[in-house]
2 protein chains.
Amino acid sequence: MTYANAIAALADPTRRAIVEALRAAPQPVGRIACTLPVSRPAVSQHLRVLAEAGLVTAEAEGTRRIYRLAPQGWAALREYLDAMWDDALAAYARAAHEQAQNETRRSP
Amino acid sequence: MTYANAIAALADPTRRAIVEALRAAPQPVGRIACTLPVSRPAVSQHLRVLAEAGLVTAEAEGTRRIYRLAPQGWAALREYLDAMWDDALAAYARAAHEQAQNETRRSP
DNA sequence: CATTCGCGTAAGTCATGACTTACGGTAAGC
DNA sequence: GCTTACCGTAAGTCATGACTTACGCGAATG
């Protein structure tokens, strides 16, 4: 169930923007905040949520805290999605198959 | 940006429960609702959100509407996650590399 | 040692959305 | 044709959470 936190974290557009910023390069909080239309405390709170979901990690460097993407949370998401993807494809294939069955029965 | 709707849709626990129900088998709305602690209209509203995100599709069968998993929305999520996964791994590898550099410099 | 920078936390406000009950509308059964 | 299932929509309520300002703490700088 660890993927639940990750999904909930990524549901917020501001948090996805923060992730996009970290995707380019690891950055301290202030630098991320100045590129976004929200205050620095807001970014700090979002980073806390992202960190609890295992999507980012922090590393103190003097007074700065450098945040970067962390693989763990993303791995949990990938596993969830991969399993779901198989089932979705199976459902789709079965639906297409049943439809083909009905078509041939209707006009043989 | 189509993955944004999918993530927002899956952020809700009730919607994930609905997805889990559909994962087992395609079902009409009423059957899904009776297995969940919410009312049938609530399930209907959730299914609407899931359908708009491309995660499920409906098919009328008499007065019933059979819902099933749809691959499209999940595919968009997979693409987003795969790209992010690469960057997260790269960030992790670079961090480990830099740390190793500092270790050797500190205790040669 | 005082100041400044960078950050996290607390408290309070406000909007979003998840849920309910009530209603209307369409396909099956007697 | 009339009732009975099954469903989607409307309107209203209430809680969650995203944001702000204000504050306190540790580290670097003079």
Side-chain angles (χ1 to χ4, degrees), chain A residues 1 3-22 25-70 73 102 106, chain B residues 1 3-22 25-70 73 102 106:
Chain A
M1 284 299 183
Y3 66 87
N5 291 336
I7 294 183
L10 291 177
D12 185 78
T14 303
R15 278 197 285 265
R16 282 201 303 272
I18 293 177
V19 165
E20 287 301 320
L22 292 181
Q27 293 176 21
V29 180
R31 173 139 34 152
I32 304 176
C34 72
T35 69
L36 295 179
V38 296
S39 68
R40 185 192 52 74
V43 174
S44 206
Q45 293 165 3
H46 283 308
L47 282 168
R48 174 190 173 91
V49 175
L50 289 170
E52 286 177 349
L55 295 171
V56 304
T57 24
E59 184 188 5
E61 181 169 310
T63 129
R64 276 196 269 264
R65 290 175 61 85
I66 311 293
Y67 283 88
R68 66 180 71 230
L69 296 182
N102 294 347
R106 214 169 293 157
Chain B
M1 284 298 185
Y3 66 87
N5 290 336
I7 295 182
L10 292 177
D12 185 79
T14 303
R15 277 198 286 264
R16 282 200 303 273
I18 293 177
V19 165
E20 287 302 319
L22 292 181
Q27 292 176 20
V29 180
R31 172 136 37 151
I32 304 175
C34 72
T35 68
L36 295 179
V38 296
S39 67
R40 185 193 51 75
V43 174
S44 205
Q45 293 166 3
H46 283 309
L47 282 170
R48 173 191 174 92
V49 175
L50 290 170
E52 286 177 350
L55 296 170
V56 304
T57 24
E59 184 188 6
E61 182 169 309
T63 128
R64 277 195 268 263
R65 289 176 61 85
I66 310 294
Y67 283 88
R68 67 179 71 229
L69 295 181
N102 293 348
R106 212 170 295 156

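Just so it is clear, the structure is predicted and the values come from calculations on it, not from any experiment.
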Next on the checklist: So, taking the atom named CD in A/Glu20 and the one named CG in A/Leu36, what distance separates them when rounded to the nearest 0.5 Å?
Outcome noted: 11.0 Å
Checklist outcome for this item: Separation between NE2 (A/His46) and OG1 (A/Thr14), nearest 0.5 Å, reads 4.5 Å
Candidate nucleotides [options], ranked by approach to the side chain of [X] - the nearest:
X: B/Gln45; options: D/dC19, C/dT20, D/dA18; result: C/dT20
X: A/Thr14; options: D/dC6, C/dA18, D/dC19; result: D/dC19
X: A/Arg48; options: D/dC7, C/dG8, C/dT9; result: C/dT9
X: B/Arg64; options: D/dG8, C/dC7, D/dC6; result: D/dC6

Closest heavy-atom contact between [X] and [Y]?
X: A/Val49; Y: A/Ala9; result: CG1-CB, 4.0 Å
X: B/Gly73; Y: B/Leu55; result: C-CD2, 3.7 Å
X: A/Ala11; Y: B/Ala8; result: CB-CA, 4.3 Å
X: B/Ile32; Y: B/Ala21; result: CG2-CB, 4.4 Å
X: B/Leu22; Y: B/Tyr67; result: CD2-O, 3.3 Å

Tabulate atom names and distances for all N/O pairs under 3.5 angstrom spanning the protein and nucleotides 25-30 of chain D.
none

Between [atom2] on [N] and [atom1] on [X], what's the gap in Å once rounded to a whole number?
X: A/Arg15; N: D/dA18; atom1: CZ; atom2: C1'; result: 8 Å
X: B/Arg65; N: C/dA28; atom1: CZ; atom2: C1'; result: 17 Å
X: A/His46; N: C/dC7; atom1: NE2; atom2: C1'; result: 16 Å
X: A/Gln27; N: C/dC7; atom1: CD; atom2: P; result: 11 Å
X: A/Ile66; N: C/dG8; atom1: CD1; atom2: P; result: 11 Å
X: A/Leu47; N: C/dT9; atom1: CG; atom2: P; result: 11 Å

Item to check | SB check A/Glu52 A/Arg48 (cutoff 4.0 Å) | outcome: yes
Item to check | Side-chain heavy-atom pair A/Leu10, A/Arg15 within 4.5 angstrom cut-off | outcome: no
Checklist outcome for this item: Comparing A/Val49 with B/Ala58, nearest DNA chain D nucleotide closer to 5' gives the residue B/Ala58
Next on the checklist: Heavy atoms only, 4.0 Å cut-off, all strands: where does B/Arg31 land among base, sugar-phosphate and nothing?
Outcome noted: nothing
Checklist entry - Between C/dG8 and A/Tyr67, is there an OP1 or OP2 to side-chain N/O distance shorter than 4.0 Å? => result yes
Next on the checklist: Can you list, in residue-number order, the parts of residues 32-43 of chain B that come under 4.0 Å of DNA chain D, counting heavy atoms only?
Outcome noted: B/Arg40, B/Pro41
